[in-house]
Amino acid sequence: MALVLYNTLTRKKEPFEPLHKGKVGMYVCGVTVYDQSHLGHAKSAINFDVIVRWLRFRGYDVKHVTNFTDVDDKAIARANELGIGTLELTERMIAEYFRDMDALKVRRADVYPKASETVPEIIAMVKELIDKGNAYESNGSVYFSVRSAKEYGKLSRQSLDQLEAGARIEPGEDKRDPMDFALWKAAKPGEIAWDSPWGKGRPGWHIECSAMCLKHIGKTVDIHGGGTDLIFPHHENEILQSEACNGAPFVRYWMHNGMLNIDQEKMSKSLKNFFSIDEILKKARPEVVRFYLLNATYGAPLDYDEKSMDEAAKALERLQNTYDTMKAASSAARGTDDARTLCESSWKKLETSMDDDFGTRNAIAAMYDLARDANKLLSDGNLSAKGARNVADVLSRFNSVFDVLQEDGARRTVTASEAAVDLADPESMQSGRLTDEEISLWLARREAARKAKNFEYADMVRKKLAELGIEIQDAKDGATWKQR
RNA sequence: GCCGAGGUGACAGAGUGGCCAUGUGGCGGACUGCAGAUCCGCAAACGGGAGUUCAAUUCUCCCCCUCGGCCCCA
């Protein structure tokens, strides 16, 4: 089954065929670094993180580029407020961004170009656009002439005339046409600026992505991603610039992730209705945040509320329990079923889902089905040790793409000595860390007490262990325990 | 106004021309000394209207509603 993805350009799902066989050049629009990152940014980062991981899992050699917009009106304004340099502020924000995304287990892109470090390439591109007659200089600024483009609005399906009806030129601008946009902005006093053939100034917003794509990937990128809010005008303008400059198709597949809404409104910095990643991580583990976001469709808007995050936590708990249980059963299970058919069909379903425009939601559903059937086999006593291992392997493979299960949470069986008949006082349990042997000993004592129907003692042991962060569960073939 | 997406059971959210989504929650069971975990069963849906069809939640048309984009924004 071939990988199919939804292309915003054609509004259809298309079979994925990169320009060069086996290689994928992928560019994802990053953030403007003037403030903290919020859950909406996390959604984008995690959606594309999993997309990249799946492409790699499928054997593609992916070069993933994500930029930082560090030269920008808001960053300049914020830095001035704080009385620090623009790049000082943006460096700080970039560090925070990495801290946040690392916490969310987002794999790093291969390259993180910054606007401030791409100025020579940007200037070269602007020059070329002027030479080719697609741009013009005006009072130290350079604008792209939309009327010079062969076609306009193919991504967002906007008509230039329609747009112009509502547009107007801001006072102080020197555009020839209202829809023309700045490639290079003449410096204003107190702003960060670079020398250029048009005097001191700085790059416009859209041009940095075009320049970075060209520099780090080439004239044509296979996948260009970003939020749906960037479709117009940002991505539209990127197409105009890049195709006018390079004379080659700019992007083969446009992928856009849906916005995260809160109370029916887009979460955004300007609306001040956002949860910073910091805050979110106080409420939920990173794995839960990932699971919550991946349990939706990347391209659709997602409404956030605390209740749905809690639901995600509970649902994930089930998969985690199954994962832990299966790992424990990998040596203990006694049945005869090696669960091969089950594992194969579950994995097949996951692959089919992921190959269908990265259907993480259905992929997760496949894991639920696997968990249910495997748990049933186990509790019916039919699962073999090898079968448990097979199931754990599938979940582990799933996790290598989704990264939502904790690997060290294994529930452990007791390796108890039979001779543990002395019912020592649970109160004598040392606070601090117990060794595995000590835990086994206590569980053996408890087991002996249970057999003797001394439930008071058994409950006491369970309680004391719980106080030390050790959770135990009784099962048919003995208790298992887990460090919390 | 223009462009785009969408309306599915209590909630979240897939999908398909005729058969189970899935998860959380609810109800009833099994297991259990109790916890917990797990499993089984039940109830519960396809915005409204017309049409195509043997059959439509799934296709077509109309209507209603919601959301996003059109300054910045993942």
Side-chain angles (χ1 to χ4, degrees), chain A residues 8 11 28-32 34-35 37-48 66 69 72-74 153 155-159 161-163 165-167 170 179 205 225-234 236 256-261 264-271 274 291-292 295-303 305 307-319 321-322 324-325 349 353 356 359-369 371-380 411 450 453-456 458-459 462-463 466 471-476 479-480 482:
Chain A
T8 311
R11 317 270 162 170
V28 180
C29 282
V31 292
T32 303
Y34 73 96
D35 203 348
S37 297
H38 58 64
L39 191 57
H41 300 119
K43 179 175 188 296
S44 174
I46 289 170
N47 285 155
F48 284 106
T66 285
T69 299
D72 155 271
D73 289 344
K74 285 180 183 165
L155 181 67
S156 60
R157 316 220 161 165
Q158 301 279 340
S159 112
D161 294 323
Q162 191 58 247
L163 285 165
E170 292 296 318
M179 293 313 293
W205 176 36
T228 52
D229 54 349
L230 297 180
I231 294 172
F232 186 88
H234 184 55
E236 200 67 76
H256 290 96
N257 71 285
M259 295 294 103
L260 185 80
N261 299 327
Q264 311 280 35
E265 258 188 326
K266 184 172 89 173
M267 180 178 285
S268 79
K269 293 179 196 171
S270 39
L271 290 171
F274 61 88
F291 190 74
Y292 166 70
N295 211 5
T297 308
Y298 79 85
L302 177 64
D303 261 306
D305 62 77
K307 193 172 141 257
S308 45
M309 187 70 89
D310 291 344
E311 272 190 24
K314 281 180 193 150
L316 177 58
E317 184 76 12
R318 233 186 93 216
L319 287 184
N321 282 339
T322 303
D324 297 343
T325 304
K349 191 176 161 197
S353 304
D356 182 8
T360 52
R361 174 96 193 172
N362 282 335
I364 288 170
M367 293 301 100
Y368 288 134
D369 289 341
R372 188 195 52 238
D373 292 348
N375 281 323
K376 184 172 165 58
L377 284 175
L378 183 67
S379 62
D380 289 349
R411 188 161 280 292
R450 288 181 73 211
K453 303 240 187 274
N454 184 354
F455 298 123
E456 200 185 331
D459 290 348
R462 182 166 60 198
K463 187 165 157 261
E471 178 197 280
I472 67 179
Q473 279 181 17
D474 294 320
K476 264 199 185 108
T480 61
K482 175 178 176 175

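Here is how names work: the chains are called A, B, and so on, in the same order as the sequence lines, proteins then strands, and each is numbered from 1.
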| request: Using only side-chain N and O atoms of A:Asn375, determine if any of them is under 4.0 Å from OP1 or OP2 of B:rC39. | output: yes

| Charged N to carboxylate O below 4.0 Å: is that the case for A:Lys307 and A:Asp310? | no

| Does any N or O donor sit under 3.5 Å from an N or O acceptor when you compare the side chain of A:Asn261 with the base of B:rC67? | no

| request: Looking at every strand, decide which applies to A:Lys307 at a 4.0 Å heavy-atom threshold: base, sugar-phosphate, or nothing. | output: sugar-phosphate

| remark: The answer to which of A:Lys349 and A:Asn295 contacts RNA chain B further toward the 5' end, by nearest nucleotide, is A:Asn295

| message | By the 4.0 Å heavy-atom rule, please label A:Asp474 as base, sugar-phosphate, or nothing. | response | base

| message | Using a heavy-atom cut-off of 4.0 Å across all strands, would you classify A:Phe232 as base, sugar-phosphate, or nothing? | response | sugar-phosphate

| said: Determine whether A:Phe232 and A:Leu163 satisfy the following criterion, side chain to side chain contact (heavy atoms under 4.5 Å, CB included), listing intermediate values before the conclusion. | reply: CA-CA 11 Å; A:Phe232 186 88; A:Leu163 285 165; 3.6 Å; yes

| request: Mind checking A:Ile231 for me? I need base, sugar-phosphate or nothing, with any heavy atom below 4.0 Å counting as a touch. | output: nothing

| query | Tell me, what's RNA chain B's dot-bracket, Watson-Crick or G-U with both distances under 3.5 Å, | for other-strand, [ ] crossing? | reply | (((((((..(((.....[...))).(((((.......)))))....(((((..]....))))))))))))....

| Would you say A:Arg318 reaches B:rC39's phosphate, i.e. side-chain N/O to OP1/OP2 under 4.0 Å? | yes

| field | 5' precedence on RNA chain B between A:Arg157 and A:Gly258 (nearest-nucleotide basis) | value | A:Arg157

| query | At under 4.0 Å between heavy atoms, what does A:Leu378 touch on the DNA or RNA strands: base, sugar-phosphate, or nothing? | reply | nothing

| Which atom of A:Gly227 lies closest to which atom of A:Met259, heavy atoms considered | CA-CE, 3.7 Å

| Euclidean distance, atom NE2 of residue A:His234 to atom P of B:rC3 [Å, nearest integer] | 24 Å

| Which whole-number value in Å describes the distance from A:Leu302 CG to B:rC11 P? | 17 Å

| Reckon A:Arg462 has a side-chain N or O less than 4.0 Å from the OP1 or OP2 of B:rC34? | no

| said: Closer than 4.0 angstrom, basic N to acidic O: yes or no for A:Lys376 and A:Asp373? | reply: no

| With sugar-phosphate meaning primed atoms plus P, OP1 and OP2, does A:Asn257 contact a base, only sugar-phosphate, or nothing at under 4.0 Å between heavy atoms? | base

| Are A:Ser159 and B:rC2 close enough that a side-chain N or O sits under 4.0 Å from OP1 or OP2? | no

| Do A:Asp474 and A:Arg450 have side chains that get closer than 4.5 Å, going by heavy atoms? | yes

